There are 2 protein chains.
Amino acid sequence: MWLRPRRRERQTLTLDRIVAEAVALLDEEGEARLTMRRLAERLDTGSTTLYWHVKTKDDVLDLALDAVFGEVPLPAPEGGWRERAAALAAAWRAALLRHPWTTGLLDRPMMGPNALSRTEFLYATLAEAGFGAADLPAAAFSLSTYVTGSATMQARAQDSSGAALREHLRAQREAYPVLAAHGLDHDWDVTFARGLAYLLDGMADRLG
Amino acid sequence: MWLRPRRRERQTLTLDRIVAEAVALLDEEGEARLTMRRLAERLDTGSTTLYWHVKTKDDVLDLALDAVFGEVPLPAPEGGWRERAAALAAAWRAALLRHPWTTGLLDRPMMGPNALSRTEFLYATLAEAGFGAADLPAAAFSLSTYVTGSATMQARAQDSSGAALREHLRAQREAYPVLAAHGLDHDWDVTFARGLAYLLDGMADRLG
DNA sequence: ACGCCGACCGGATCGATGGTCTAGTAATGG
DNA sequence: CCATTACTAGACCATCGATCCGGTCGGCGT
């Protein structure tokens with residue numbers, strides 16, 4: 001009777017709480033350590049309960065990924081198209097790097113509302129800039145590809161495996177001389193900005 | 001005696017056979033269905049045997065990924081840097097798209113010999129083209145990022161989830177008007193080539 | 001006031017998986 | 001002929017995603 005466990009104070013478990021906790025868990029321990037049991041434990045509930053709110057574990061990952069996209073602010077609509085595109089790219093990249101586990105989830109359809117609204121903003125910005133139907137997909141696509149691809153490479157280079165790669169490359173420097181000489185020590189922010197400038201320059205050329 | 005199972009004709013299991021079979025299995029059924037047991041079964045052996053040749057399942061994936069990189073031919077050293085870079089990018093992309101499961105593995109250190117030699121070729125080509133120390137990492141990095149990122153997006157768009165995304169986008173066309181109008185029907189090869197041209201144009205500008 | 005229904009929760013459990021322990025067997029070199 | 005090395009496999013373990021089934025709680029209609 002009195003021993004019966006205190007009634008759980010109905011802090012009803014919501015999908016939002018689950019997603020927020022999943023993001024926190026992923027930030028702290030990475031994708032490999034996200035299990036439904038561990039997630040449930042952190043939420044002080046049973047693992048099976050999660051399945052009432054969510055159909056599969058993949059749902060949790062999809063939701064967590066889109067939650068990160070929600071952290072990307074849409075740039076103010078003032079300024080030129082180039083500034084806006086660059087600002088969106090920078091913000092997008094920052095969000096991905098803030099949650100490095102996202103780069104492992106980019107190989108899945110990004111059709112959450114936050115992802116789609118950012119993509120729509122990019123398309124709209126470029127369309128307004130004057131890219132016609134023939135160039136719009138290529139322009140938008142190359143920019144988003146560049147952001148996600150570069151974040152993936154940087155995240156990988158900066159975790160523990162990156163150090164191993166650098167060491168291995170230094171040991172094999174005569175097999176890969178140019179790579180070892182120039183690919184090891186560079187500022188990621190600078191490199192990203194420069195590559196983005198290549199891309200935007202080429203796009204600006206196209207606009208004439 | 002005679003019932004005793006025929007002595008296995010010692011087609012000794014080699015690492016190469018394991019990797020080749022892993023690639024075949026991944027091609028046919030995708031990453032999710034690659035398990036050590038299934039792989040062993042296809043090789044007509046026990047799952048534990050694989051662990052003599054390989055330390056973990058991740059090793060198998062790393063080896064399979066690098067095997068695909070090995071399919072990328074190094075372009076002939078004749079012609080300008082731009083032709084060579086474009087040829088390498090096209091061949092790299094083709095190999096990734098030929099094995100769509102690779103895009104799910106790009107978030108891991110690509111430090112296999114095949115991957116490194118292709119990267120070295122890219123660096124050497126761009127260094128010879130005249131990119132100095134300040135530009136080399138950005139140039140090589142943006143190109144490889146573009147190849148891997150675009151292959152990822154295309155592979156995702158072309159599997160079953162891609163159709164769902166298109167349908168969802170069409171249903172929500174008033175929420176994402178520009179995206180729905182221009183992002184749905186385009187030729188991937190053309191789009192890739194055009195985005196690559198943006199990038200190469202911008203890089204050529206830099207060379208002056 | 002009552003009963004009931006749907007939202008919500010969880011213990012026990014299932015099948016599958018990655019990986020290890022241990023015990024082998026085939027071939028090779030001395 | 002033996003011993004060492006290369007290689008194979010059965011039994012087994014912990015863990016995971018997911019499901020079954022039986023609950024508990026709050027609010028609504030009557």
Side-chain angles (χ1 to χ4, degrees), chain A residues 1-26 28-65 101 104-105 107-108 161, chain B residues 1-26 28-65 101 104-105 107-108 161:
Chain A
M1 176 47 120
W2 307 113
L3 301 177
R4 218 174 311 177
R6 285 259 311 115
R7 154 98 54 75
R8 153 185 316 289
E9 42 247 61
R10 270 322 204 137
Q11 172 146 16
T12 42
L13 190 56
T14 62
L15 197 61
D16 288 336
R17 277 187 65 220
I18 293 177
V19 174
E21 198 65 40
V23 170
L25 176 53
L26 287 163
E28 292 170 26
E29 314 194 31
E31 184 186 354
R33 307 215 45 176
L34 172 70
T35 70
M36 295 303 268
R37 285 177 229 272
R38 289 172 61 81
L39 179 56
E41 192 179 0
R42 286 176 64 125
L43 288 163
D44 195 28
T45 182
S47 68
T48 51
T49 300
L50 299 178
Y51 284 98
W52 193 93
H53 299 270
V54 134
K55 192 163 191 327
T56 70
K57 181 186 178 184
D58 267 352
D59 286 3
V60 177
L61 292 174
D62 285 336
L63 290 166
L65 182 59
W101 48 270
L105 302 180
D107 181 54
R108 54 178 60 210
S161 72
Chain B
M1 174 50 113
W2 306 113
L3 300 177
R4 216 174 312 173
R6 286 260 310 115
R7 156 98 53 75
R8 154 185 318 287
E9 38 246 64
R10 255 356 190 111
Q11 172 146 14
T12 41
L13 190 57
T14 61
L15 196 60
D16 288 336
R17 277 188 66 221
I18 294 176
V19 174
E21 198 65 39
V23 170
L25 176 53
L26 288 163
E28 293 170 25
E29 314 194 32
E31 183 186 355
R33 308 215 42 178
L34 173 70
T35 69
M36 296 303 268
R37 287 178 229 271
R38 289 171 63 79
L39 180 56
E41 192 179 0
R42 285 176 66 125
L43 289 164
D44 195 28
T45 182
S47 68
T48 51
T49 301
L50 299 177
Y51 285 99
W52 193 92
H53 299 270
V54 136
K55 194 164 192 325
T56 70
K57 181 187 180 184
D58 267 351
D59 287 3
V60 176
L61 292 174
D62 285 336
L63 290 166
L65 183 60
W101 46 270
L105 302 180
D107 181 52
R108 53 176 62 211
S161 72

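Atom set for the values below is all heavy atoms of this structure, side chains included, hydrogens, waters and symmetry mates excluded. As the structure is a computational prediction, the values presented were derived from the model and not from experiment. In what follows, every chain begins at residue 1, and chains take the letters A, B, ... in the order their sequences are listed.
Taking atom CZ on Arg38(A) and atom C1' on dA14(D), their separation rounds to 15 Å, with Å as the unit. Rounded to whole Å, the distance from CD on Glu31(A) to P on dC16(D) is 14 Å. Atoms CG (Asp44(A)) and C1' (dC8(C)) sit 15 Å apart, rounded to a whole Å. Whole-Å rounding puts the Trp52(A) CH2 to dC20(D) C1' distance at 18 Å. As rounded to whole Å, 15 Å separates atom P of dC7(D) from atom CG of Leu43(B).
Applying the side chain to side chain donor-acceptor pair (under 3.5 Å) criterion to Glu29(B), with sequence neighbours excluded, gives Arg33(B), Arg38(B). By the side chain to side chain donor-acceptor pair (under 3.5 Å) test, Glu28(B) is found to be paired with Arg42(B), residues two or more places apart in sequence or in another chain being considered. Applying the side chain to side chain donor-acceptor pair (under 3.5 Å) criterion to Thr35(A), with sequence neighbours excluded, gives no partner residue. For Thr48(A), the side-chain contact (heavy atoms from CB on, under 4.5 Å) test picks out no residue, with sequence neighbours left out.
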Atom pairs, N/O to N/O, protein against nucleotides 19-22 of chain C, distance under 3.5 Å?
from	atom 1	to	atom 2	distance (Å)
dG19(C)	OP2	Tyr51(B)	OH	3.1
dG19(C)	OP2	Lys57(B)	N	2.7

Can you tabulate the close N/O pairs, meaning under 3.5 Å, that link protein atoms to atoms of nucleotides 21-23 of chain D?
none

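At the heavy-atom level, Leu34(B) lies under 4.0 Å from the strands shown only through sugar-phosphate atoms. Within 4.0 Å (heavy atoms only), Leu39(A) reaches no atom of the nucleic acid at all.
Heavy-atom minimum distance, Ala64(A) versus Leu26(A): CB-CD1, 4.0 Å. Listed here is the closest heavy atom pair of Tyr51(B) and Thr56(B): CE2-CA, 4.3 Å. The two residues Lys57(B) and Leu34(B) make their nearest non-hydrogen contact at NZ-O, 2.8 Å. Closest approach of Leu105(B) and Glu31(B) over heavy atoms only: CD2-OE2, 3.6 Å. The two residues His53(B) and Leu15(B) make their nearest non-hydrogen contact at O-CD1, 3.6 Å.
Nearer to the 5' terminus of DNA chain C, by closest-nucleotide assignment, is the contact made by His53(A) (compared with the other of His53(A) and Arg33(B)).
For Thr35(B), counting side-chain heavy atoms from C-beta on, the closest listed nucleotide (dT8(D), dG18(C), dA9(D)) is dG18(C).
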